[in-house]
S.K.: 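If you scroll down you'll find the structure; I have some questions about it.
Side-chain atoms are counted along with the backbone in the values below, which use heavy atoms only and exclude waters and symmetry mates. When a residue number appears, it is its place in the shown sequence, counting from 1.
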Amino acid sequence: MAILHLTRLKKRYPNGFIALHGIDLSVTEGELIVIVGPSGCGKSTLLRTLAGLESISDGELTINGRRVNELEPAERDIAMVFQNYALYPHMSVAGNMGYALKNRGVPKDEIRRRVAATAELLGLGELLERRPRQLSGGQRQRVAMGRAIVREPQVFLFDEPLSNLDAKLRVQMRLEIRHLQKRLGITSVYVTHDQVEAMTLADRLVVMNGGHVEQCGTPMALYAEPATRFVASFLGSPAMNFLPVTIHQGGVVLPNGTPLALPVDIPEGRAATLGIRPEHLLEATSTQNAGVILEVTIEMLEPLGADMLAYTRLPGLEEWLVVRLDGAHAAREGQRLSLTFSPAYCHVFDADGMRVSMTEAADAKARAVQ
C-alpha cells in the first residue's frame, strides 16, 4: 500500500497559465482522499499529474519514497477510473478487465484467475461475456473499477467516476466504492465536484480553489471549522448564510444594529462577515430567553420531506437568509419569523475571507509574544 507525497507541486502551461500553485499534500497508506472544488479549480489537473498524464512543472511527487516525476504512467503502478468508463466496445467484460494484464505479458491462467476473482468481488460473474453496450451505467462503472482492481496497483485514482449516473445509482455506487476501497485497503485519490460525494466518501477532504489548497482535514472538521469563507460557502447544502457586520468594542454588530458578544481580533470599525448555517438558525419562542433576535419575512418555501427550507430576508438586505425548518412546520410565504442563534455556531470572516475566531485570535497573540 502506497504513501503519496506532493511537495510544492506546480503545473504551468506553455501559455503561462498556472493551474497548480505549489501543492503540498501527503496521503497515508490505505487512505481515501477526496479532492473537491468548483470547475476550473485544478482538481482534475492535479489528478492527471499524479497519473503522469500531465507533466509536473516544478516540485516533487513521490510514491513510497520513490520520485516519479519523470516516469511514464505505466511505470507509476497507478490505476485510474475515468468519468466516461473508457471501455473497449468490441471487447467483452472479461476482455476489458484483463486487457492491461495481457499487454504486460501476464500468463493467461493468472489473467483468468484475477478477472474471475475481481468479477466475483464486484458482482460481475454472470456478465463476463457481455459487451459494454449490453450493460447498464452502473455495470459499466463496475467493469471500469474491475479493470483497475485486477492490476493490483499501489494507488487508485478516481476522476469523477459517478457523474454520468442518475441520482439513485450514484448513492448506491458511492457506498460500493467506499466499502470496496476499505476492503482492499488501497491508497486512493478521488476527484469530484459533488460535495455530498466528497463528505460521505472521504477520510480526509481537500478543498481546492484557483489552483490552491484552501483547506485539508476530515469532512466534519472542515464543515464545523472552515478556514476560509470559500470553504464555508462550498461545503453544506444549502450553503452557509453570510451577513455583513461591523466590528465594535471587540465584538460584532449585526445589520439590524444588534451587538453580538463574539470577540474577534479585527480592528475597530472594520467590515467583516458573519457566517451561520441554516440548521443553526432557530425560531425564537420567547424573546426573554433569546440573546439575539432577527426579525425576518419568509419569501419562499422549499419542502424537502423531513425538512423544509425557508428563504427569508432581513429588512434592508438583498441576501437570502436560509433557515432549515422541520418538514411539518406550518410556515407560509409572507409570514414573519423571529430567529435566534447561539454565538457558539457563528463564524467571523475578515475582509480577506479568512476565518477569525476567539481561539485563533488568542493563538495568534500567543505566537506574537513568543
Side-chain angles (χ1 to χ4, degrees), residues 195-196 199 220 222-226 228-266 268-351 353 355-361:
Q195 58 164 295
V196 176
M199 293 285 290
M220 287 312 298
L222 267 61
Y223 186 82
E225 298 183 4
T228 67
R229 177 170 171 166
F230 176 83
V231 175
S233 64
F234 192 81
L235 295 181
S237 181
M240 183 180 286
N241 293 298
F242 297 106
L243 294 173
V245 295
T246 54
I247 306 302
H248 181 61
Q249 295 182 351
V252 302
V253 179
L254 299 174
N256 63 356
T258 302
L260 183 61
L262 193 69
V264 290
D265 192 17
I266 301 178
E268 181 81 10
R270 292 286 181 87
T273 303
L274 178 76
I276 185 164
R277 295 201 179 277
E279 61 267 29
H280 295 146
L281 286 168
L282 306 175
E283 190 173 5
T285 55
S286 171
T287 57
Q288 295 176 347
N289 298 326
V292 180
I293 295 292
L294 298 176
E295 297 291 343
V296 299
T297 302
I298 298 176
E299 297 203 3
M300 187 172 67
L301 292 169
E302 193 173 47
L304 301 175
D307 298 327
M308 178 187 299
L309 299 181
Y311 291 82
T312 73
R313 290 195 197 276
L314 271 171
L317 287 183
E318 293 185 2
E319 298 87 353
W320 291 113
L321 194 64
V322 185
V323 186
R324 189 183 294 276
L325 302 173
D326 185 273
H329 196 289
R332 64 186 184 279
E333 293 181 3
Q335 178 183 344
R336 292 183 63 82
L337 284 180
S338 296
L339 302 176
T340 186
F341 56 87
S342 168
Y345 293 113
C346 292
H347 308 268
V348 178
F349 303 92
D350 63 18
R355 183 169 67 91
V356 181
S357 70
M358 272 190 299
T359 302
E360 289 170 337

S.K.: Using atom types as modelled and distance alone, determine if a side-chain donor or acceptor of Q195 lies under 3.5 Å from a backbone N or O of F234.
M.R.: yes
S.K.: Between atom CG of L321 and atom OG1 of T312, what is the distance when rounded to the nearest 0.5 Å?
M.R.: 4.0 Å
S.K.: Check whether any side-chain heavy atom of L282 sits under 4.5 Å from a side-chain heavy atom of S342, and report yes or no.
M.R.: no
S.K.: Mind checking side chain to side chain donor-acceptor pair (under 3.5 Å) for E225 and listing every partner two or more places apart, or none if nothing turns up?
M.R.: none
S.K.: Heavy-atom distance under 4.5 Å between the side chains of V253 and V245, does that happen here?
M.R.: no
S.K.: Working note: I247 + V252, criterion side-chain contact (heavy atoms from CB on, under 4.5 Å); need CA distance, chi angles, decisive distance, verdict.
M.R.: CA-CA 5 Å; I247 306 302; V252 302; 3.8 Å; yes
S.K.: Would you say that R277 contacts Y345 through its side chain, given a criterion of any heavy-atom pair below 4.5 Å between the two side chains?
M.R.: no
S.K.: In Å, rounded to the nearest 0.5 Å, how long is the span from CD1 of I293 to CG of N256?
M.R.: 10.0 Å
S.K.: Does M199 reach the side chain of M220, with side-chain heavy atoms less than 4.5 Å apart?
M.R.: yes
S.K.: Taking side chain to side chain donor-acceptor pair (under 3.5 Å) as the definition, give me every residue that meets it alongside T297, ordered by chain and number, with sequence neighbours left out.
M.R.: R336
S.K.: Taking the side chain as C-beta and beyond, is there a heavy-atom pair between V323 and I298 under 4.5 Å?
M.R.: no
S.K.: Would you check if P226 and L235 make a side-chain contact, meaning some heavy-atom pair closer than 4.5 Å?
M.R.: no
S.K.: Return yes if some donor-acceptor pair links the side-chain N/O of T228 with the main-chain N/O of G353 below 3.5 Å, else return no.
M.R.: no
S.K.: Mind checking the CZ-CD spacing from R313 to E299? Nearest 0.5 Å is all I need.
M.R.: 4.5 Å
S.K.: Show the nearest heavy-atom pair for residues H329 and E283, with the distance to one decimal.
M.R.: NE2-OE1, 2.8 Å
S.K.: For the pair F242 and E319, evaluate side-chain contact (heavy atoms from CB on, under 4.5 Å) and give the outcome as yes or no after the intermediate values.
M.R.: CA-CA 8 Å; F242 297 106; E319 298 87 353; over 6 Å; no
S.K.: Taking the side chain as C-beta and beyond, is there a heavy-atom pair between V196 and S237 under 4.5 Å?
M.R.: no
S.K.: Atom CD in E279, atom CG in L309: separation rounded to 0.5 Å?
M.R.: 10.0 Å
S.K.: Do R270 and D350 come close enough that some side-chain heavy atom pair is under 4.5 Å?
M.R.: no
S.K.: What's the separation between atom OG1 in T273 and atom CG in L243, rounded to the nearest 0.5 Å?
M.R.: 9.0 Å
S.K.: Shortest non-hydrogen contact from P238 to P278?
M.R.: CG-CG, 3.7 Å
S.K.: In Å and rounded to the nearest 0.5 Å, what is the CG to CZ distance from L304 to R324?
M.R.: 7.0 Å
S.K.: Give me the atom names and distance for the closest heavy-atom approach of E302 to Y311.
M.R.: OE1-OH, 3.0 Å
S.K.: Of all the heavy-atom pairs spanning A328 and D326, show the shortest one and how long it is.
M.R.: N-OD1, 2.8 Å
